[in-house]
Amino acid sequence: MNNTETIKSMCMYVGLSIVLLSSQLAQASCDLSDAVGVWKIYGVSGNTFNGKMSETDRCKIKINSSGSIVGSSSACKFRDSSGKHELDVDKGNIEVNKHCVVTGFIRLCSSGACVKQIIEHGTLSAEKNVISFVGYSNPDPDLVFFFTGLKR
């Protein structure tokens with residue numbers, strides 16, 4: 001096989017792959033009801049300014065049919081350099097579009113001080129049992145998080 005034939009074969013393979021992938025993506029459709037339930041969320045968070053991910057986090061988040069996070073049924077725990085800590089989940093909201101993209105926020109509180117964690121972008125799996133998302137803290141966007149959740 002010469003170089004021209006190799007290039008044509010590769011182009012045909014790439015084109016076929018794109019068609020197959022786009023048809024699979026077109027079949028995936030989500031809505032808010034797919035996010036309803038209890039999620040076990042795991043991840044890391046920290047300050048991007050110093051390049052260190054300084055916490056490991058785990059949360060139990062309950063999402064109701066309107067997309068609201070039920071604070072009384074949700075909580076987070078984390079470990080940082082000073083030890084283990086717990087945070088209350090005060091409130092939050094999740095949105096899921098038809099392309100399975102997840103956005104929203106989670107408000108975490110400790111001793112009356114609260115921080116809003118903005119979910120900038122996430123994805124719900126085709127099976128609708130795994131969620132992955134990234135975001136930042138408001139008012140400090142240098143504090144970022146990377147989470148993956150499993151539906152219980």
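For the numbers below, each heavy atom of this structure counts, side chains included, while hydrogens, waters and symmetry mates do not.
Residues I119 and I106 form a side-chain contact, since some pair of their non-hydrogen atoms from C-beta on lies under 4.5 Å apart. Side-chain contact between L87 and C109 is absent, with no heavy-atom pair separated by less than 4.5 Å. A 4.5 Å side-chain heavy-atom check between E120 and T103 finds every atom pair outside the cut-off. V102 places none of its side-chain heavy atoms less than 4.5 Å from the side chain of T123. Side-chain contact between V44 and F145 is absent, with no heavy-atom pair separated by less than 4.5 Å. With contacts defined as side-chain heavy-atom distances shorter than 4.5 Å, the pair S74/K60 does not qualify. The shortest side-chain heavy-atom distance between I69 and V89 falls under the 4.5 Å cut-off. Contact annotation: the side chain of W39 approaches that of I63 to within less than 4.5 Å [non-hydrogen atoms, C-beta and beyond].
The line from CZ of F78 to OG of S45 is 8.0 Å long, rounded to the nearest 0.5 Å. How far CG of N129 is from NZ of K151: 8.5 Å, rounded to the nearest 0.5 Å.
Cluster membership check: V38 does not share its hydrophobic cluster with I94, using side-chain heavy-atom separations under 4.5 Å among Ile, Leu, Val, Met, Phe, Trp and Tyr. In terms of hydrophobic clustering, with Ile, Leu, Val, Met, Phe, Trp and Tyr side chains grouped at heavy-atom distances under 4.5 Å, V96 and V36 are assigned to different clusters.
Taking a 6.0 Å sphere around OH of Y136, one finds it holds 12 or fewer heavy atoms contributed by other residues, nucleotides or ligands. Environment of NZ in K91: sparse, with no more than 12 heavy atoms of neighbouring residues, nucleotides or ligands closer than 6.0 Å.
Considering every non-hydrogen atom in both R107 and C114, the closest pair reads NH2-SG, 3.6 Å. Taking every heavy atom of both residues into account, C76 and L108 meet most closely at SG-CD2, 3.8 Å.
Not one N or O on the side chain of S68 forms a donor-acceptor pair closer than 3.5 Å with the backbone of N64. Under a 3.5 Å cut-off, the side chain of D140 and the backbone N or O of D142 do form a donor-acceptor pair.
Here S137 pairs with V115, Q117, L143 under the side-chain contact (heavy atoms from CB on, under 4.5 Å) rule; sequence neighbours left out.
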